[in-house]
Amino acid sequence: MLADALIVVAKDLRIEWRSRVGIDQLVPFALVVLVLFAFALDSQQTVLAEATPGLLWVTILLALVLCVQRIFVTESAPGLTDQLRLSGLDPAGIFLGKALGVFIQLLALEVLTVFGAAILYSTRFGSVGSIALMVCAALVASVGLAAAGALYGALLLGVRGRETLLPLLLLPVVAPVLIGATSAFQAALGTGDVTSVQGWRWVGLLAVFAVAYVTAGIFAFGPLLEDT
Amino acid sequence: MRSVVHLRDAVCVLGRFPALAGATLDVGAGEVILLQGPNGAGKSTLLRLCAGLLPVQSGTAEVLGHDLGTDARQVRRRVALLGHGVGLYEDLTVTDNVTFWARAAAGDAGDVAAAMARVGLEARLADVEVARLSAGQRRRVALAVLLTRHAELWLLDEPHAGLDVQGRDLVDRLVRQAAKSGVTVVVASHDLDRSTALADRIVSIAGGVVTDDVDVRSGRRGEPAGTIDDPESADAR
């Protein structure tokens, strides 16, 4: 299963590297959203500072939708799903490979958006402990987002109008990640009423979400692939 | 002769449409079968069913000794399907594509190089993205992918489509070499002149059922209801 996942993720990252869609479109999209939020709340610097964690994660969620669409649209060329089913690759391995591809791209995007927020929103990072909280929250949240994204991406593979259906289905599902990651970041940045201890509790909730979706994906991806 | 494909009254419904409405067919090991029939007759459905990609609603369907109803995944690992869609990643190069599918089938770099050489994918095309290739060149890449699978059963849907004369000759050569090495080949084609020259038997299909089965060399009509290694059927013949 893991060997198959590595074959799939290597292929997906190679496609991204060759097509440059991630670099040419995804990164500018995320930065544009951050800039738009900055324009909208420019006159209220206190509100902007308070809202930074939420704005960051809304931006990441929007970018997630594009990332998942991109990583599954490559599988929609004629004959590809048939070849995937014939390939002998373990469906669980394909799921993990897809999720890993989304995870890697999401992490890179998160690093850029955090730096973008630091510049645009004048965000100040605190102690080493709070940075560790942010890093852990981002890592665990990204696992959950990538797993949910890969699962819903497969669900919509071969469905007409999937481009508009994906955000409609995926965004409500990942709302707990938005809440958990925002709260953890609030604790780390000291922008809300959330304490550091509570921040780590939110990381625990994010971990539960991640485990649930990775497990669901491992078991459900095969039947979903059969139905495409 | 060992039966590689054994269908008895196989029914396959796509949506509400019975694409196969009780197809009966036996194919022995190493045989080359030409499937012919009008558009919508059920040729592509029959090939995809034999690949284990479509469900069997009723009847018996066994491929390579596995029941398609319960064991389709075991069949998939041992067959190769060249369908209408070539199944290639547009953003990847020719080498990337062949390498990915070869690795997925537990192949190695040697398999990739050998397959690309056999289909005449010259060095100048190796690093070209599939999106930049012509339809015929894509077909050649798909043939290279097929070769890397080392399958026991080839299911070829219009394999000559989109190919120039050299490409068509290449397909014929590959099919003959495969049959010689014991691979079973089922070809669905409208290019009857070429495909008849390759085939041991011509199976006609219409309305989702097999309507005729002719041995090319002897001209003898087969009995679609008989099993190749079924003693009762053999006695009856």
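Throughout, protein chains are lettered first and strands after them, A, B, ... in sequence-line order, and every chain is numbered starting at 1.
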For this session: Could you look at B:Arg149 and say if it's the side chain, the backbone, both or neither that has a heavy atom under 4.5 Å from chain A?
Result: side chain
Exercise. So which part of B:Thr93 gets closer than 4.5 Å to some heavy atom of chain A, the side chain, the backbone, both or neither?
Worked result: both
Exercise. Would you find a donor on one side and an acceptor on the other, under 3.5 Å apart, between the side chain of A:Arg85 and the backbone of B:Leu53?
Worked result: yes
Gap separating the [atom1] atom of [X] from the [atom2] atom of [Y], nearest 0.5 angstrom:
| X | Y | atom1 | atom2 | answer |
| --- | --- | --- | --- | --- |
| B:Leu92 | A:Ile15 | CG | CD1 | 4.0 Å |
| B:Leu54 | A:Asp82 | CG | CG | 8.0 Å |
| A:Ser19 | B:Glu129 | OG | CD | 8.5 Å |
| B:Arg76 | A:Leu89 | CZ | CG | 12.0 Å |
| B:Arg73 | A:Asp90 | CZ | CG | 8.0 Å |

Problem set entry | Largest heavy-atom contact set with chain A, pairs under 4.5 Å, which of B:Thr99, B:Leu88, B:Val86 | B:Leu88
Problem set entry | Which of B:Gly87, B:Ala131, B:Pro55 touches chain A most, by non-hydrogen pairs under 4.5 Å | B:Gly87
Exercise. Where do B:Phe100 and A:Val8 come nearest, in terms of heavy atoms and distance?
Worked result: CE1-CA, 4.3 Å
Exercise. Is there a side-chain contact between B:Trp101 and A:Leu84 (heavy atoms, below 4.5 Å)?
Worked result: yes
Exercise. Picking from A:Ala10, A:Gly79, A:Ala3, A:Ala77, which has the most non-hydrogen pairs under 4.5 angstrom with chain B?
Worked result: A:Gly79
Problem set entry | A:Glu75, A:Arg14, A:Gln83 screened by side-chain hydrogen bond (donor to acceptor under 3.5 Å, both in side chains) with B:Tyr89, the one that passes | A:Glu75
Seminar exercise, completed: When the 4.5 angstrom heavy-atom criterion is applied to A:Glu226 and chain B, the contacting part is side chain
Problem set entry | Proximity breakdown for A:Asp4 and chain B, heavy-atom pairs closer than 4.5 Å | neither
For this session: Look at B:Asp96 together with A:Arg18 and state whether they make a salt bridge at an N to O cut-off of under 4.0 Å.
Result: yes
